[in-house]
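Contents: one structure, followed by commentary.
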Amino acid sequence: MSIIQPRTLKGFRDYLPVPMAARERVLEVARSVYRSFGFVPIETPVLEYSEILFGKGGEESDRQMYRFEDNGGRDVAMRFDLTVPLARFAAQHVGTLGTPFKRYQVGPVWRGENTQRGRYREFVQFDFDTIGTESLVADVETLVVVHDLFVALDISDFKIHFNNRDLLNGLLERLGLLERGASVLRALDKLPKIGADAVRAELHESSAATSEQADAILALAELRGTNDEVLAALPAIVGESPHAVTGLAAIKTVLEGVRAAGVADSRVRLDVSIARGLTYYTGTVFETFLEDLPSIGSVCSGGRYDDLASLYTKQRLPGIGGSLGVDRLMAAIDELGLIDDRGATADVFIPYFAKDRINDYLSLAERLRKAGLSVELYPEPRKLGAQMKYADRRGHRLAIVVGDREWEAGTAQIKDLASATAQEVAFANLVERCAALLEDGV
RNA sequence: GUGGUCGUAGCUCAGUUAGGCAGAGCACCUGGUUGUGGUCCAGGAAGUCGCGGGUUCAAAUCCCGUCGGCCACCCCA
């Protein structure tokens, strides 16, 4: 009988225990940060009617969508992000939810594009969004959430690049390029990657921009200096159209807001080259980069989408939020050597080596668990050395060694695996001693 | 989707130029140590050379196809 080749699809991956444990720690941190701002959890289906998902993010996202006919003949698709399903969700349930509504949601999304490092066909996003308010307070808080998230993740070198679509539209309006806005923004978005000359060439080619128009766009994009300096130089470039005025005011409010919330100026940068490809963005847009690993791209992006839900409801439902790219972030953390390689989930390890005492071991382990410790009991009476080696590899913190001698005496040996120090304690004091060791061992 | 590049043991990789016995380091297992891990010593196990086909007396090596990784384009988390 021939065996079936065990394999996964291109861009789809298995997660082994060590990296999975690291992922779970990241998810726990993100969840607690979101909750600390009052976001509440929801979940939506992986599959939606195609009409819900198509035509919302632009041509590119339509092309990348996994789409098929289900067994009941329905035209369905797998979600491309969590934002479009949220807009549908909000339109459908706003009556029971009320506004403003702040939710967080984690789950896989699918994009049928070519793979690369940090780019997969199935990947997990951890989103937070605020629906039902146009207040710039939500824009400010969105950036503060991202800031607090990366601080909590202990990632030191991140920078949030933000911009405003209204500001860009204001400039396009002044230049008479609003019609060709999509291709202009696409060219502008490439500035950090391909440089000014290449962007200029692309502007001529794809957007039929004149030299004057290209100059104006590049003048905007090449503004340098502190956030305040860039902000001060902007009005002269973008003009005074309603869009431009709105955008400028929003940027100013956001900058002041995040500063007031205690975000260091060095963490947030006004970067007018940030445009973002998804067509549903309207006001504030942002991307988050790791300074030590810019090539992997943005690990947390988002923005304001004030018109998205209007596709599903007549009620006005503006929104803004962000999306943590969990898989991309994990790839970055891995690359930067920041993964915690402990594979053990239990702090305490109990080797089983007094053969006839298995029921005593079982009872001891459960007693410790009831006292709040996490305990792994080895399932076979192998020789002690092999079991200690297992615990060492897995990264357990303590081993509780109890053999015939200890069972007789009513004592146990607690061994700190990192320092290789051991102490003999009576069963009565076991929990207390373990807790103390785990406490100050960190 | 297009172009480039790579795929050899669990991992990192030699070997491919010019066809001639499938290798190293690390990891793993056993023993030295009948009750104590990380060091050391000795030994052991482990590979459809990504997969399929072709050329050849002979293919990891050459040719075609395919799958997968990486890079670029595109786009994005």
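These numbers come from a predicted model, not from an experiment. So you know, we letter chains A, B, ... as the sequences are listed, proteins then strands, and number each from 1.
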So which nucleotide does [N] pair with, by the Watson-Crick or G-U wobble rule with both distances under 3.5 Å?
N: B:A18; answer: none
N: B:U56; answer: none
N: B:C11; answer: B:G25
N: B:U61; answer: none
N: B:U48; answer: none
N: B:C74; answer: none
N: B:U5; answer: B:G69

>> If we count only N and O atoms by modelled type, under 3.5 Å, do the side chains of A:Tyr361 and A:Glu366 hold a donor and an acceptor together?
In response: no
>> Is there a side-chain hydrogen bond (donor to acceptor under 3.5 Å, both in side chains) between A:Gln105 and A:Thr44? Walk through the geometry before answering.
In response: CA-CA 8 Å; A:Gln105 178 177 4; A:Thr44 66; 3.0 Å; yes
Does a salt bridge link [X] with [Y], judged by any charged N lying under 4.0 Å from a carboxylate O?
X: A:Asp416; Y: A:Arg397; answer: no
X: A:Lys190; Y: A:Glu202; answer: yes
X: A:Arg357; Y: A:Glu408; answer: yes
X: A:Arg111; Y: A:Asp81; answer: no

Integer-rounded Å distance: [N] [atom2] and [X] [atom1]:
X: A:Met65; N: B:C76; atom1: CE; atom2: P; answer: 13 Å
X: A:Arg119; N: B:C73; atom1: CZ; atom2: C1'; answer: 10 Å
X: A:Asp14; N: B:G69; atom1: CG; atom2: P; answer: 12 Å
X: A:Leu16; N: B:C11; atom1: CG; atom2: P; answer: 10 Å
X: A:Leu290; N: B:C76; atom1: CG; atom2: C1'; answer: 15 Å
X: A:Lys10; N: B:G50; atom1: NZ; atom2: P; answer: 17 Å
X: A:Ile274; N: B:C76; atom1: CD1; atom2: C1'; answer: 12 Å
X: A:Asn114; N: B:G1; atom1: CG; atom2: P; answer: 7 Å

>> Does the plane of the ring in A:Tyr280 sit parallel, tilted or perpendicular to the ring in A:Tyr305? Use 30° and 60° as the thresholds.
In response: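 Perpendicular, since the angle between the ring planes exceeds 60°.
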> According to the interplanar angle, ranging from 0 to 90°, do the rings of A:Tyr66 and A:Phe12 count as parallel (below 30°), tilted (30 to 60°) or perpendicular (above 60°)?
Replying inline: perpendicular
>> For a side chain to side chain contact (heavy atoms under 4.5 Å, CB included) check, start with the C-alpha distance between A:Ile414 and A:Cys434, then their side-chain angles and the critical distance, and finish with the verdict.
In response: CA-CA 8 Å; A:Ile414 304 176; A:Cys434 285; 3.9 Å; yes
>> Any donor-acceptor pair, under 3.5 Å, between the side chain of A:Glu122 and the base of B:A77, if you only look at N and O atoms?
In response: no
> When the nearest nucleotide of RNA chain B is assigned to A:Tyr390 and to A:Phe123 on a heavy-atom basis, which residue is associated with the more 5' position?
Replying inline: A:Tyr390
>> Under 4.0 Å, heavy atom to any atom of RNA chain B: which of residues 323-335 of chain A qualify?
In response: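 Correct list: A:Gly325, A:Arg328.
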> Is the shortest side-chain N/O distance from A:Lys190 to OP1 or OP2 of B:C74 below 4.0 Å?
Replying inline: yes
> Does A:Thr115 place a side-chain N or O at less than 4.0 Å from the phosphate oxygens OP1/OP2 of B:G69?
Replying inline: yes
Say you pick atom [atom1] in [N] and the same atom in [M]; how far apart are they, in whole Å?
N: B:A14; M: B:G31; atom1: C1'; answer: 31 Å
N: B:C51; M: B:A60; atom1: P; answer: 11 Å
N: B:G54; M: B:C13; atom1: P; answer: 33 Å
N: B:C64; M: B:A22; atom1: P; answer: 25 Å
N: B:C74; M: B:U2; atom1: C1'; answer: 9 Å
N: B:G52; M: B:G10; atom1: C1'; answer: 26 Å
N: B:G50; M: B:G38; atom1: P; answer: 35 Å
N: B:U48; M: B:C71; atom1: P; answer: 29 Å

Within the structure shown, what part of the strands sits under 4.0 Å from [X] by heavy-atom distance: base, sugar-phosphate, or nothing?
X: A:Arg111; value: base
X: A:Gly322; value: nothing
X: A:Ala420; value: base
X: A:Gly118; value: base
X: A:Tyr120; value: base
X: A:Arg117; value: sugar-phosphate
X: A:Arg13; value: nothing

>> Please determine whether side-chain hydrogen bond (donor to acceptor under 3.5 Å, both in side chains) holds for the pair A:Tyr15 and A:Asp327, giving the CA-CA distance in whole Å, both sets of side-chain angles, and the decisive distance to 0.1 Å.
In response: CA-CA 11 Å; A:Tyr15 302 102; A:Asp327 293 274; 2.9 Å; yes
> Out of A:Arg79, A:Lys56, A:Glu43, which one pairs with A:Pro85 under the side chain to side chain contact (heavy atoms under 4.5 Å, CB included) rule?
Replying inline: A:Arg79
>> Looking at every heavy atom in both A:Thr411 and A:Glu406, which two are closest together, and how far apart are they?
In response: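 Nearest heavy atoms, A:Thr411 then A:Glu406: O-CB, 2.9 Å.
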List every contact pair, protein side and nucleotides 46-48 of chain B side both N or O, where the distance is under 3.5 Å.
from, atom 1, to, atom 2, distance (Å)
B:U48, O4, A:Gln5, OE1, 3.2
B:U48, O4, A:Gln5, NE2, 3.0

> How long is the gap from CD1 on A:Ile320 to OG1 on A:Thr142, to the nearest 0.5 Å?
Replying inline: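 Between A:Ile320 CD1 and A:Thr142 OG1, I get 4.0 Å after rounding to 0.5 Å.
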I'd like a table of atom pairs between the protein and nucleotides 32-36 of chain B - only N or O on both sides, under 3.5 Å - with the distance next to each one.
from, atom 1, to, atom 2, distance (Å)
B:G35, O6, A:Asp404, N, 3.3
B:G35, O6, A:Arg405, N, 2.8
B:G35, N1, A:Glu406, OE1, 2.7
B:G35, N1, A:Glu406, OE2, 3.4
B:G35, N2, A:Glu406, OE1, 3.4
B:G35, N2, A:Glu406, OE2, 2.7
B:U36, O2', A:Lys415, NZ, 3.3
B:U36, O2, A:Lys415, NZ, 3.1
B:U36, N3, A:Gln413, OE1, 3.0
B:U36, N3, A:Gln413, NE2, 3.4
B:U36, O4, A:Gln413, NE2, 2.5

>> Go through it in stages, so that I can follow the logic: the residues are A:Glu60 and A:Arg63, the test is salt bridge (charged side-chain N to carboxylate O under 4.0 Å, His left out), and I'd like the CA-CA distance, side-chain angles, deciding distance and then a yes or no.
In response: CA-CA 5 Å; A:Glu60 191 61 25; A:Arg63 213 175 313 137; 2.7 Å; yes
> So do A:Val76 and A:Phe68 actually touch side chain to side chain, heavy atoms under 4.5 Å?
Replying inline: yes
